[in-house]
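To start, the structure itself, in structure tokens.
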Amino acid sequence: MVRIPVLGRLFWREYIALAASLIFIFLEGFIRVITLGLPQPIIRFCYNRSKNLFIIFSSAQSRDSRSKPIPITTSVAGASDFVDLCALFGYYAEEHVVQTRDGYLLGVHRLCSKKHREERTRVNAGRGSLQKRVVYLHHGLLMNSEVWVCLTEKERCLPFMLVEGGYDVWLGNNRGNKYSKKSVRFSPASNEFWDFSMDQFAFHDIPDSIDYILATTSQSSLSYIGFSQGTAQAFATLSIHPTLNDKVDVFIGLAPAMSPAGLRNGVVDALVKASPEVLFLAFGRRSILSSATMWQSILYPPIFVRIIDMSLSFLFAWSSKNISADQKLAAYPHLYSFTSTKSVVHWFQIIRNKSFQMFDDDVQAPLSLGASDRYYRVAKFPTRNIKTPIVLVYGGSDSLIDIRVMLKELPRHTVAKEVPHFEHLDFLWGQEVETLVFPHVFEALSAYAGRDHLKSLELTYKSNVNRRLAINGSSSYPEDDVSSNTTGDMSDSNLETNGGSARRDIPLASPRRFSPTTSRSRKHFSLPSASSTEQTSASMDGNSDRRIGTQSKSRGSILGNSIKHRGKRSGSVSSTRSVDSTKRFGEGGISIGASKATTGFST
């Protein structure tokens with residue numbers, strides 16, 4: 001199909017779609033302006049009318065399930081902030097403020113005390129206080145820290161489970177959202193305040209938050225858990241701050257995002273391909289989609305939930321079937337938070353160019369005839385330089401993730417685990433998240449938290465998993481103490497020797513997928529404590545050198561199930577490495593993990 005002459009990069013059909021989307025955006029903005037001037041009685045009238053319409057057009061089964069939510073659903077949906085959400089489940093949350101080097105004030109939340117046991121205990125507060133490993137969680141695009149704790153069951157809430165597992169849990173927020181809408185230099189009413197993209201998240205927000213947390217807790221390192229854009233921000237900041245790799249002992253990415261495929265809908269795909277100036281014209285240069293809070297206030301909650309579900313299906317082809325109706329009623333009111341239009345434009349540039357790059361300020365003019373890409377190249381985030389161990393857990397039904405493309409841009413020690421039927425938001429609110437996702441998280445924390453990851457990378461994690469599965473004869477989450485299972489089996493020479501007979505070449509272009517490690521019927525699991533990790537870390541580091549070359553044949557048979565691969569990788573210069581480099585970086589390279597079988601492999 002021939003493109004329209006002169007006008008640039010879109011097909012004529014895409015111009016029609018773009019025009020239709022702009023009309024819709026301006027119409028929505030017009031309605032919003034009118035609504036802002038309405039008095040509260042009229043807004044309440046609209047709310048009641050939407051409720052009546054829902055009752056009329058919904059089926060009897062839908063009315064029974066949605067119109068009478070359980071009390072916890074109503075309480076979670078109506079909670080005003082992060083502290084109130086935690087209080088519903090009996091947890092005390094601290095609030096902190098981090099000032100970035102460029103003057104933004106970021107709200108950070110902390111959960112450090114176990115429920116009913118450590119309310120008055122000083123944690124990581126210097127001499128005489130209880131020492132705990134630190135975990136930092138970061139949210140996704142158009143979100144804030146509330147998305148981690150707006151669940152209807154404590155057992156499915158990752159921060160609460162981490163606290164009960166003995167960790168000091170911190171939750172960050174991006175500049176511009178509900179908890180970080182302040183700067184010492186600019187007013188939120190100015191365009192300058194909203195002049196930020198993922199570049200600023202990577203250069204300032206994440207590293208400054210980590211430095212504040214480590215200074216407050218007097219710890220030397222922490223573990224990072226990101227969701228969606230929270231993983232992209234970690235990829236970016238670890239790649240451009242080499243010294244930050246020493247402060248993050250493991251990076252766990254849930255529903256990781258780096259260079260997503262194009263959106264499924266043609267109208268939105270036209271927006272992606274359009275010039276940034278068109279997007280700024282449509283959405284303005286400040287916060288994007290800020291009218292979402294207005295629609296939430298005037299619509300009956302089940303109707304608001306239905307609109308969100310339809311939007312997710314329209315944009316990403318997600319069914320949202322793994323999230324219960326009650327969970328949607330509780331969580332969707334906390335789904336949206338403010339961010340800049342520029343940060344969304346940045347993602348559109350990444351999608352359009354299929355490159356995890358920094359923001360392009362010098363966009364080619366529509367009428368330009370020169371081959372500008374020959375003389376100008378946008379800087380990419382050098383993600384292959386990351387030294388921190390990376391464990392990715394992704395959904396097999398997530399349309400935003402192409403794990404094969406992602407792994408090609410990541411260091412060779414990356415470990416990837418698939419949950420086949422999970423979509424993007426299921427990693428926050430899915431019905432089986434505690435049995436399909438949490439085990440991977442706690443396994444990675446047990447293997448890496450508080451340890452020198454430059455000495456033992458991905459093979460430490462992988463061999464620990466394989467050895468436990470072989471010993472227990474089960475794929476369920478480990479309930480035994482970490483200290484009893486790691487000592488004596490983790491030396492690099494043992495892994496090298498036992499992996500030799502089982503090694504085979506598997507091309508990176510076609511990674512193998514596996515089913516989850518845990519039984520879907522299992523509802524609860526016991527948590528390994530952070531203290532057990534502390535007990536084993538010293539013994540591992542101190543005894544590994546003495547154990548080199550002295551492992552028994554019985555241990556070799558256990559670890560023999562792990563299939564390792566030293567094959568070539570796209571972009572690599574050589575497929576062979578010295579023994580020293582193998583010990584440091586892990587022999588296997590990138591590992592796409594075996595979720596159920598004990599045959600994890602590396603490429």
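Side-chain contact between Y136 and I206: present, with at least one pair of heavy atoms (C-beta onward) separated by less than 4.5 Å. Residues N353 and V378 are not in side-chain contact: their nearest non-hydrogen atoms beyond the backbone lie 4.5 Å or more apart. Taking the side chain as every heavy atom from C-beta outward, V433 and D426 never approach each other to under 4.5 Å. No side-chain heavy atom of I386 sits under 4.5 Å from any side-chain heavy atom of F381. Side-chain contact between S223 and I252 is absent, with no heavy atoms from C-beta onward closer than 4.5 Å. D309 has its side chain out of reach of W318: every pair of non-hydrogen atoms, C-beta onward, lies at least 4.5 Å apart. Between M406 and L392 the shortest side-chain heavy-atom distance falls below 4.5 Å. Between M198 and F356 the shortest side-chain heavy-atom distance falls below 4.5 Å.
If you take OG1 on T339 and NZ on K181, they are separated by 11.0 Å, rounding to the nearest 0.5 Å. Taking OG of S337 as the start and CG of N173 as the end, the distance is 7.5 Å to the nearest 0.5 Å. The line from OG of S324 to CD of E153 is 7.5 Å long, rounded to the nearest 0.5 Å. Atom-to-atom distance recorded for D361:CG and K342:NZ is 5.0 Å, nearest 0.5 angstrom. Atom CG of residue D81 and atom CG of residue D84 lie 4.5 Å apart, to the nearest 0.5 angstrom. Interatomic distance, H424 NE2 to L254 CG, rounded to the nearest 0.5 Å: 10.0 Å.
Legend: residues meeting salt bridge (charged side-chain N to carboxylate O under 4.0 Å, His left out) with D199, ordered by chain and number and at least two apart, are absent. Looking at residues two or more places apart in sequence or on another chain, you find a side-chain hydrogen bond (donor to acceptor under 3.5 Å, both in side chains) between E146 and K178, Y179, H334. When the side chain to side chain contact (heavy atoms under 4.5 Å, CB included) test is applied to S183, the partners found at least two apart in sequence or on another chain are Y104, R185, F186, F193. Qualifying side chain to side chain contact (heavy atoms under 4.5 Å, CB included) partners for I307, counting only residues two or more places apart in sequence or in other chains: L299, I303, S311. Residues forming a salt bridge (charged side-chain N to carboxylate O under 4.0 Å, His left out) with K380 (at least two apart in sequence, or on another chain): E409. Considering only residues two or more places apart in sequence or on other chains, T237 meets the side-chain hydrogen bond (donor to acceptor under 3.5 Å, both in side chains) condition with H241. Taking the side chain to side chain contact (heavy atoms under 4.5 Å, CB included) definition, one finds that R110 meets it with E94, H96, C112, V123, N124, D168, W170, T217, sequence neighbours left out. Residues satisfying the side-chain hydrogen bond (donor to acceptor under 3.5 Å, both in side chains) test with H109, not counting sequence neighbours, are S145. Residues meeting the side-chain hydrogen bond (donor to acceptor under 3.5 Å, both in side chains) test with H139, sequence neighbours left out: N177. In this view, A234 and Y224, F251 satisfy the side chain to side chain contact (heavy atoms under 4.5 Å, CB included) rule, not counting sequence neighbours.
Listed here is the closest heavy atom pair of T231 and P256: OG1-CA, 3.2 Å. For the pair Q349 and M358, the tightest heavy-atom approach, listed with the atom from each and the gap, is OE1-O, 4.4 Å. Of all non-hydrogen atoms in M161 and E155, the two that sit nearest each other are CG-O, 3.7 Å. When all heavy atoms of F227 and M143 are compared, the pair lying nearest together is CE2-CE, 3.7 Å. Listed here is the closest heavy atom pair of D398 and A255: OD2-CB, 4.1 Å. Taking both residues in full, the closest heavy atoms of S221 and V134 are given as O-CB, 4.4 Å, listed atom of the first, atom of the second, then distance.
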| task | List the steps, then state whether side chain to side chain contact (heavy atoms under 4.5 Å, CB included) holds for V391 with E443. | result | CA-CA 10 Å; V391 177; E443 191 72 49; over 6 Å; no
| Stepwise side chain to side chain contact (heavy atoms under 4.5 Å, CB included) check, V76 with L151 | CA-CA 7 Å; V76 172; L151 289 101; over 6 Å; no
| Test ring-ring contact (aromatic ring centres under 6.0 Å, His included) applied to F338 and Y336, step by step | CA-CA 7 Å; F338 302 101; Y336 171 80; 5.7 Å; yes
| said: Please determine whether ring-ring contact (aromatic ring centres under 6.0 Å, His included) holds for the pair F422 and F427, giving the CA-CA distance in whole Å, both sets of side-chain angles, and the decisive distance to 0.1 Å. | reply: CA-CA 7 Å; F422 260 36; F427 286 88; 5.4 Å; yes
| Are F82 and L171 close enough, and set up right, to give a side chain to side chain contact (heavy atoms under 4.5 Å, CB included), and what steps lead you there? | CA-CA 10 Å; F82 183 91; L171 301 97; 3.5 Å; yes
| task | Using the salt bridge (charged side-chain N to carboxylate O under 4.0 Å, His left out) rule, take D208 and R175 through it: C-alpha gap first, then chi angles, then the decisive distance, then the call. | result | CA-CA 12 Å; D208 291 349; R175 63 182 63 194; over 6 Å; no
| task | Step by step, work out the side chain to side chain contact (heavy atoms under 4.5 Å, CB included) result for F359 and V345. | result | CA-CA 9 Å; F359 187 84; V345 171; 3.9 Å; yes
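Remark: the S239 side chain and the N385 side chain contain no N/O donor-acceptor pair separated by less than 3.5 Å.
With S209 as the fixed residue, the side chain to side chain contact (heavy atoms under 4.5 Å, CB included) test singles out one of L214, N174, L106: L106.
Among residues at least two apart or in separate chains, salt bridge (Lys or Arg N to Asp or Glu O under 4.0 Å) pairs with a member in residues 209-225 are D211-K247. Note on residues 219-228: no pairs pass salt bridge (Lys or Arg N to Asp or Glu O under 4.0 Å), not counting sequence neighbours.
In this structure a side-chain-to-backbone donor-acceptor pair under 3.5 Å is missing from S399 to A317. Put simply, the side chain of Q327 never gets that close to the backbone of Q431: no donor and acceptor are under 3.5 Å apart. A donor-acceptor pair is defined here as one N or O able to donate and one able to accept, closer than 3.5 Å; such a pair exists between the side chain of W429 and the backbone of V147.
With a 6.0 Å radius and a threshold of 12 heavy atoms from other residues, nucleotides or ligands, K154 has its NZ atom above the threshold.
Aromatic ring pairs are classed by plane angle as parallel below 30°, tilted from 30° to 60° and perpendicular above 60°; the pair F196 and F201 is tilted.
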